[in-house]
Protein chains: 2
Amino acid sequence: MRPLFHPAIDDVTVEGILHALSDPVRASIYARLAGLDCAATCTALQQAGDRTIPKSSLSQHFRVLREAGLVRSERAGVEMHNTTRCAEIEQRFPGLIPAILNAHRMQIAGAPPPRPPARRTAAASVRKKAKAR
Amino acid sequence: MRPLFHPAIDDVTVEGILHALSDPVRASIYARLAGLDCAATCTALQQAGDRTIPKSSLSQHFRVLREAGLVRSERAGVEMHNTTRCAEIEQRFPGLIPAILNAHRMQIAGAPPPRPPARRTAAASVRKKAKAR
DNA sequence: TCCATAGTTCGTATATCGTGAACTACGGCA
DNA sequence: TGCCGTAGTTCACGATATACGAACTATGGA
(Lines give C-alpha, C1' and ligand atoms only; values in the text may rest on other atoms or scores of the structure.)
Protein backbone atom coordinates (compact mmCIF):
# COMPACT_ATOMS: atom_id res chain seq x y z
CA MET A 1 0.00 0.00 0.00
CA ARG A 2 1.71 3.11 -1.18
CA PRO A 3 1.95 6.03 1.18
CA LEU A 4 -0.60 8.80 0.87
CA PHE A 5 0.54 11.67 -1.30
CA HIS A 6 -0.37 15.22 -0.44
CA PRO A 7 0.83 17.99 -2.73
CA ALA A 8 2.52 21.00 -1.19
CA ILE A 9 0.14 23.92 -1.18
CA ASP A 10 2.24 25.66 -3.83
CA ASP A 11 1.81 22.72 -6.16
CA VAL A 12 -1.97 22.90 -5.94
CA THR A 13 -3.45 24.06 -9.24
CA VAL A 14 -6.74 25.70 -10.08
CA GLU A 15 -7.24 23.14 -12.83
CA GLY A 16 -6.79 20.33 -10.35
CA ILE A 17 -9.29 21.83 -7.95
CA LEU A 18 -11.89 22.51 -10.62
CA HIS A 19 -11.44 19.08 -12.11
CA ALA A 20 -11.82 17.42 -8.73
CA LEU A 21 -14.96 19.38 -7.91
CA SER A 22 -16.51 19.05 -11.37
CA ASP A 23 -17.66 15.58 -10.45
CA PRO A 24 -20.97 15.66 -8.57
CA VAL A 25 -20.00 12.80 -6.28
CA ARG A 26 -16.74 14.41 -5.27
CA ALA A 27 -18.39 17.79 -4.95
CA SER A 28 -20.96 16.27 -2.62
CA ILE A 29 -18.30 14.54 -0.55
CA TYR A 30 -16.22 17.67 -0.31
CA ALA A 31 -19.16 19.91 0.52
CA ARG A 32 -20.20 17.69 3.38
CA LEU A 33 -16.66 17.38 4.65
CA ALA A 34 -16.27 21.14 4.53
CA GLY A 35 -19.49 21.52 6.50
CA LEU A 36 -18.06 19.42 9.31
CA ASP A 37 -15.74 20.85 11.92
CA CYS A 38 -14.07 17.53 12.54
CA ALA A 39 -12.49 14.71 10.55
CA ALA A 40 -14.65 12.13 8.81
CA THR A 41 -13.93 8.59 7.69
CA CYS A 42 -14.41 7.57 4.07
CA THR A 43 -17.43 5.40 4.77
CA ALA A 44 -19.09 8.23 6.65
CA LEU A 45 -19.29 10.03 3.31
CA GLN A 46 -20.25 7.03 1.23
CA GLN A 47 -23.77 8.30 0.52
CA ALA A 48 -23.92 10.79 -2.34
CA GLY A 49 -27.41 12.06 -2.92
CA ASP A 50 -29.60 8.99 -3.00
CA ARG A 51 -27.07 6.35 -3.84
CA THR A 52 -24.24 4.51 -2.16
CA ILE A 53 -20.85 4.77 -3.79
CA PRO A 54 -18.94 1.49 -4.15
CA LYS A 55 -15.89 1.33 -1.93
CA SER A 56 -13.45 1.18 -4.79
CA SER A 57 -14.92 4.25 -6.45
CA LEU A 58 -14.97 6.05 -3.15
CA SER A 59 -11.31 5.33 -2.72
CA GLN A 60 -10.55 6.76 -6.15
CA HIS A 61 -12.59 9.86 -5.44
CA PHE A 62 -10.70 10.47 -2.24
CA ARG A 63 -7.44 10.03 -4.07
CA VAL A 64 -8.46 12.67 -6.61
CA LEU A 65 -9.51 15.07 -3.87
CA ARG A 66 -6.30 14.39 -1.98
CA GLU A 67 -4.02 14.84 -4.96
CA ALA A 68 -5.83 18.00 -5.98
CA GLY A 69 -4.85 19.31 -2.56
CA LEU A 70 -8.42 19.67 -1.36
CA VAL A 71 -8.30 17.07 1.35
CA ARG A 72 -5.86 15.73 3.89
CA SER A 73 -6.13 12.07 4.81
CA GLU A 74 -4.47 10.45 7.78
CA ARG A 75 -4.52 6.86 8.74
CA ALA A 76 -5.92 6.37 12.22
CA GLY A 77 -5.95 2.77 13.18
CA VAL A 78 -8.09 0.83 10.79
CA GLU A 79 -9.83 3.86 9.42
CA MET A 80 -8.94 7.08 7.69
CA HIS A 81 -9.44 10.59 8.97
CA ASN A 82 -10.19 13.10 6.27
CA THR A 83 -10.18 16.84 6.70
CA THR A 84 -10.36 19.67 4.19
CA ARG A 85 -7.41 21.91 3.49
CA CYS A 86 -9.73 24.89 3.12
CA ALA A 87 -7.57 27.27 5.12
CA GLU A 88 -4.46 26.61 3.06
CA ILE A 89 -6.31 26.90 -0.22
CA GLU A 90 -8.07 30.03 0.94
CA GLN A 91 -4.68 31.57 1.41
CA ARG A 92 -3.45 30.53 -2.02
CA PHE A 93 -6.68 31.19 -3.96
CA PRO A 94 -8.79 33.52 -1.85
CA GLY A 95 -12.51 33.12 -2.30
CA LEU A 96 -12.33 30.20 -4.70
CA ILE A 97 -13.57 27.41 -2.48
CA PRO A 98 -16.32 29.44 -0.79
CA ALA A 99 -17.60 30.56 -4.19
CA ILE A 100 -17.75 27.00 -5.48
CA LEU A 101 -19.38 25.62 -2.35
CA ASN A 102 -21.87 28.45 -2.41
CA ALA A 103 -22.68 27.81 -6.07
CA HIS A 104 -23.24 24.16 -5.29
CA ARG A 105 -25.58 25.04 -2.47
CA MET A 106 -27.54 27.38 -4.72
CA GLN A 107 -27.84 24.73 -7.37
CA ILE A 108 -29.12 22.12 -4.95
CA ALA A 109 -31.54 24.61 -3.44
CA GLY A 110 -32.76 25.73 -6.84
CA ALA A 111 -33.28 22.33 -8.44
CA PRO A 112 -34.77 19.80 -6.01
CA PRO A 113 -35.63 17.22 -8.73
CA PRO A 114 -32.17 15.71 -9.23
CA ARG A 115 -31.57 15.32 -12.94
CA PRO A 116 -30.05 11.85 -13.35
CA PRO A 117 -26.63 12.48 -14.87
CA ALA A 118 -24.54 15.54 -14.46
CA ARG A 119 -21.00 16.18 -15.50
CA ARG A 120 -22.46 15.49 -18.89
CA THR A 121 -24.57 18.53 -19.62
CA ALA A 122 -28.15 18.50 -20.78
CA ALA A 123 -26.87 19.48 -24.20
CA ALA A 124 -24.67 16.43 -24.44
CA SER A 125 -27.53 14.12 -23.62
CA VAL A 126 -29.59 15.74 -26.33
CA ARG A 127 -26.83 15.25 -28.83
CA LYS A 128 -26.36 11.67 -27.76
CA LYS A 129 -30.02 10.87 -28.20
CA ALA A 130 -30.06 12.59 -31.58
CA LYS A 131 -27.18 10.42 -32.68
CA ALA A 132 -28.71 7.23 -31.33
CA ARG A 133 -31.77 7.28 -33.54
CA MET B 1 -24.08 21.47 -39.67
CA ARG B 2 -26.22 21.25 -36.61
CA PRO B 3 -27.44 24.47 -35.07
CA LEU B 4 -25.54 25.87 -32.13
CA PHE B 5 -26.96 24.81 -28.81
CA HIS B 6 -26.99 27.19 -25.86
CA PRO B 7 -28.43 25.97 -22.58
CA ALA B 8 -30.97 28.13 -20.81
CA ILE B 9 -29.35 29.82 -17.85
CA ASP B 10 -31.37 27.67 -15.48
CA ASP B 11 -29.93 24.54 -17.05
CA VAL B 12 -26.38 25.67 -16.44
CA THR B 13 -24.72 23.52 -13.80
CA VAL B 14 -21.80 24.16 -11.50
CA GLU B 15 -20.34 20.83 -12.57
CA GLY B 16 -20.48 21.86 -16.20
CA ILE B 17 -18.77 25.15 -15.50
CA LEU B 18 -16.03 23.62 -13.37
CA HIS B 19 -15.45 20.87 -15.87
CA ALA B 20 -15.21 23.34 -18.73
CA LEU B 21 -12.76 25.54 -16.88
CA SER B 22 -10.69 22.68 -15.48
CA ASP B 23 -8.92 22.41 -18.81
CA PRO B 24 -6.05 24.90 -19.04
CA VAL B 25 -6.66 25.59 -22.72
CA ARG B 26 -10.32 26.36 -22.20
CA ALA B 27 -9.54 28.36 -19.09
CA SER B 28 -7.09 30.44 -21.06
CA ILE B 29 -9.57 30.98 -23.88
CA TYR B 30 -12.30 31.93 -21.47
CA ALA B 31 -10.11 34.23 -19.42
CA ARG B 32 -9.04 36.14 -22.49
CA LEU B 33 -12.58 36.33 -23.81
CA ALA B 34 -13.77 37.60 -20.44
CA GLY B 35 -11.07 40.25 -20.53
CA LEU B 36 -12.39 41.60 -23.80
CA ASP B 37 -15.35 43.93 -23.98
CA CYS B 38 -16.30 42.80 -27.47
CA ALA B 39 -16.89 39.56 -29.35
CA ALA B 40 -13.97 37.50 -30.60
CA THR B 41 -13.70 34.94 -33.37
CA CYS B 42 -12.45 31.43 -32.64
CA THR B 43 -9.18 31.92 -34.47
CA ALA B 44 -8.50 35.09 -32.53
CA LEU B 45 -8.19 32.87 -29.45
CA GLN B 46 -6.27 30.08 -31.09
CA GLN B 47 -3.09 30.78 -29.16
CA ALA B 48 -3.05 29.27 -25.68
CA GLY B 49 0.11 30.03 -23.79
CA ASP B 50 2.90 29.29 -26.20
CA ARG B 51 1.21 26.91 -28.55
CA THR B 52 -1.36 27.02 -31.33
CA ILE B 53 -4.43 24.87 -30.85
CA PRO B 54 -5.47 22.80 -33.87
CA LYS B 55 -8.73 23.96 -35.41
CA SER B 56 -10.60 20.79 -34.61
CA SER B 57 -9.60 20.91 -30.96
CA LEU B 58 -10.47 24.57 -30.81
CA SER B 59 -13.90 23.80 -32.16
CA GLN B 60 -14.42 21.12 -29.49
CA HIS B 61 -13.25 23.47 -26.75
CA PHE B 62 -15.71 26.11 -27.85
CA ARG B 63 -18.46 23.56 -27.93
CA VAL B 64 -17.70 22.57 -24.34
CA LEU B 65 -17.65 26.19 -23.23
CA ARG B 66 -20.86 26.85 -25.10
CA GLU B 67 -22.71 23.84 -23.74
CA ALA B 68 -21.53 24.62 -20.24
CA GLY B 69 -23.28 27.95 -20.69
CA LEU B 70 -20.11 29.97 -20.36
CA VAL B 71 -20.04 31.35 -23.87
CA ARG B 72 -22.49 32.50 -26.48
CA SER B 73 -21.54 31.96 -30.11
CA GLU B 74 -23.22 33.58 -33.07
CA ARG B 75 -22.52 32.96 -36.67
CA ALA B 76 -21.59 36.20 -38.43
CA GLY B 77 -20.92 35.57 -42.06
CA VAL B 78 -18.06 33.17 -42.42
CA GLU B 79 -16.85 33.61 -38.88
CA MET B 80 -18.15 33.17 -35.38
CA HIS B 81 -18.66 35.81 -32.77
CA ASN B 82 -18.08 34.58 -29.25
CA THR B 83 -18.98 36.43 -26.10
CA THR B 84 -19.08 35.36 -22.47
CA ARG B 85 -22.32 34.96 -20.58
CA CYS B 86 -20.70 36.32 -17.43
CA ALA B 87 -23.61 38.54 -16.45
CA GLU B 88 -26.15 35.73 -16.61
CA ILE B 89 -23.94 33.34 -14.70
CA GLU B 90 -23.12 35.99 -12.15
CA GLN B 91 -26.80 36.22 -11.46
CA ARG B 92 -27.24 32.49 -11.10
CA PHE B 93 -24.01 31.75 -9.23
CA PRO B 94 -22.83 35.03 -7.73
CA GLY B 95 -19.08 35.31 -7.36
CA LEU B 96 -18.24 31.99 -8.97
CA ILE B 97 -16.73 33.16 -12.23
CA PRO B 98 -14.79 36.08 -10.74
CA ALA B 99 -13.31 33.77 -8.11
CA ILE B 100 -12.17 31.28 -10.71
CA LEU B 101 -10.74 33.90 -13.03
CA ASN B 102 -8.97 35.51 -10.12
CA ALA B 103 -7.51 32.18 -9.01
CA HIS B 104 -6.26 31.58 -12.52
CA ARG B 105 -4.62 34.98 -12.58
CA MET B 106 -2.95 34.33 -9.25
CA GLN B 107 -1.67 31.00 -10.44
CA ILE B 108 -0.20 32.45 -13.61
CA ALA B 109 1.32 35.32 -11.68
CA GLY B 110 2.72 33.03 -9.02
CA ALA B 111 4.24 30.39 -11.27
CA PRO B 112 5.86 31.94 -14.37
CA PRO B 113 7.64 28.71 -15.42
CA PRO B 114 4.69 26.94 -17.03
CA ARG B 115 4.68 23.34 -15.89
CA PRO B 116 4.05 21.30 -19.03
CA PRO B 117 0.92 19.30 -18.28
CA ALA B 118 -1.85 20.36 -15.99
CA ARG B 119 -5.24 18.80 -15.46
CA ARG B 120 -3.17 15.85 -14.53
CA THR B 121 -1.71 16.81 -11.22
CA ALA B 122 1.91 16.56 -10.22
CA ALA B 123 0.93 13.61 -8.08
CA ALA B 124 -0.46 11.70 -11.02
CA SER B 125 2.75 12.14 -12.97
CA VAL B 126 4.71 10.88 -10.03
CA ARG B 127 2.53 7.83 -9.77
CA LYS B 128 2.79 7.21 -13.48
CA LYS B 129 6.56 7.33 -13.39
CA ALA B 130 6.60 5.06 -10.38
CA LYS B 131 4.53 2.55 -12.27
CA ALA B 132 6.63 2.80 -15.43
CA ARG B 133 9.88 1.62 -13.89
C1' DT C 1 -3.99 -17.16 15.37
C1' DC C 2 -8.20 -16.05 13.36
C1' DC C 3 -11.68 -12.80 12.15
C1' DA C 4 -13.91 -8.41 11.08
C1' DT C 5 -13.46 -3.84 9.47
C1' DA C 6 -11.73 0.03 6.51
C1' DG C 7 -9.68 1.07 2.77
C1' DT C 8 -6.52 0.13 -1.56
C1' DT C 9 -5.15 -1.93 -5.86
C1' DC C 10 -5.98 -4.54 -10.06
C1' DG C 11 -8.37 -5.71 -14.22
C1' DT C 12 -11.53 -4.63 -17.54
C1' DA C 13 -15.43 -2.53 -19.75
C1' DT C 14 -16.82 2.04 -20.94
C1' DA C 15 -16.54 6.89 -21.79
C1' DT C 16 -14.05 11.03 -22.87
C1' DC C 17 -10.32 13.72 -25.13
C1' DG C 18 -7.17 15.45 -28.80
C1' DT C 19 -6.20 15.62 -33.45
C1' DG C 20 -5.75 14.98 -38.63
C1' DA C 21 -8.65 14.44 -42.60
C1' DA C 22 -12.66 15.40 -44.82
C1' DC C 23 -16.54 18.27 -44.97
C1' DT C 24 -19.94 22.42 -44.78
C1' DA C 25 -21.25 27.22 -44.93
C1' DC C 26 -20.52 31.68 -46.33
C1' DG C 27 -18.52 35.60 -48.97
C1' DG C 28 -16.14 37.38 -52.72
C1' DC C 29 -14.94 37.55 -57.64
C1' DA C 30 -14.85 36.49 -62.35
C1' DT D 1 -23.62 31.16 -62.23
C1' DG D 2 -19.40 28.60 -60.96
C1' DC D 3 -15.10 28.62 -58.55
C1' DC D 4 -12.03 29.67 -54.79
C1' DG D 5 -10.59 30.92 -50.09
C1' DT D 6 -11.59 31.28 -45.30
C1' DA D 7 -13.74 29.87 -40.79
C1' DG D 8 -15.37 26.51 -38.46
C1' DT D 9 -17.57 21.59 -37.88
C1' DT D 10 -17.88 16.68 -38.00
C1' DC D 11 -15.88 12.13 -38.34
C1' DA D 12 -12.74 8.49 -37.03
C1' DC D 13 -9.53 6.64 -34.16
C1' DG D 14 -5.80 6.17 -30.90
C1' DA D 15 -4.65 7.64 -26.22
C1' DT D 16 -6.25 8.54 -21.75
C1' DA D 17 -9.32 8.56 -17.87
C1' DT D 18 -13.34 6.63 -15.18
C1' DA D 19 -16.34 3.27 -12.67
C1' DC D 20 -16.71 -0.74 -10.24
C1' DG D 21 -16.33 -5.87 -8.90
C1' DA D 22 -12.88 -8.94 -7.18
C1' DA D 23 -8.90 -9.67 -4.76
C1' DC D 24 -5.77 -7.77 -1.57
C1' DT D 25 -3.53 -5.15 2.63
C1' DA D 26 -3.33 -3.17 7.09
C1' DT D 27 -5.07 -2.68 11.68
C1' DG D 28 -7.52 -3.88 15.97
C1' DG D 29 -9.68 -7.00 18.72
C1' DA D 30 -11.22 -11.89 20.62
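Numbers restart at 1 for each chain; the letters A, B, ... are given by sequence-line order, proteins then strands. Note that this is a predicted model, so its numbers are computed, not measured. Any value given below was found using the heavy atoms of this structure, including those in side chains, with hydrogens, waters and symmetry copies removed.
Using a 4.0 Å heavy-atom criterion, one finds that His61(A) contacts the sugar-phosphate atoms exclusively.
Not counting sequence neighbours, Arg105(A) has no partner by the side-chain hydrogen bond (donor to acceptor under 3.5 Å, both in side chains) test. In terms of the side chain to side chain contact (heavy atoms under 4.5 Å, CB included) criterion, residue partners of Pro98(B) (sequence neighbours excluded) are, by chain and number, Glu90(B). Taking Ala20(A) as the reference, Arg26(A), Val64(A), Leu65(A), Ala68(A), Leu70(A) meet the side chain to side chain contact (heavy atoms under 4.5 Å, CB included) condition, with sequence neighbours excluded. Residues satisfying the side-chain hydrogen bond (donor to acceptor under 3.5 Å, both in side chains) test with His6(A), not counting sequence neighbours, are none.
If you take CD of Gln46(B) and C1' of dT6(D), they are 12 Å apart, rounded to a whole angstrom. To the nearest angstrom, P of dA26(D) lies 19 Å from CD of Glu74(A).
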Ignoring hydrogens and angles, write down the donor-acceptor pairs under 3.5 Å from the side chains of residues 30-38 of chain B, residues two or more places apart or on other chains.
from     : atom 1 : to       : atom 2 : distance (Å)
Arg32(B) : NH1    : Gln47(B) : O      : 3.1
Arg32(B) : NH2    : Leu45(B) : O      : 3.3
Arg32(B) : NH2    : Gln47(B) : O      : 2.3

Considering only distance and modelled atom types, tabulate donor-acceptor pairs under 3.5 Å from the side chains of residues 73-81 of chain B, sequence neighbours left out.
from     : atom 1 : to       : atom 2 : distance (Å)
Ser73(B) : OG     : Arg66(B) : NH1    : 3.4
Ser73(B) : OG     : Asn82(B) : OD1    : 2.8

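The Glu79(A) side chain lies nearest to dA6(C) when the options are dT19(C), dA6(C), dC20(D).
Regarding contacts with the backbone of dC17(C), every side-chain N or O of His19(A) stays at 4.0 angstrom or more from both OP1 and OP2. Distances shorter than 4.0 Å separate some side-chain N or O of Ser57(A) from OP1 or OP2 on dC20(D). Neither OP1 nor OP2 of dC20(D) sits under 4.0 Å from any side-chain N or O of Ser56(A).
Listed by residue number, the members of residues 30-45 of chain B with any heavy atom below 4.0 angstrom from DNA chain D are Thr41(B), Cys42(B), Thr43(B).
The backbone N or O of His19(B) sits less than 3.5 Å from a side-chain atom of Ser22(B), completing a donor-acceptor pair.
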Protein proximity profile, nucleotides 22-30 of chain C - base contact B, sugar-phosphate-only contact S, no contact -, cut-off 4.0 Å on heavy atoms: --BBBS---

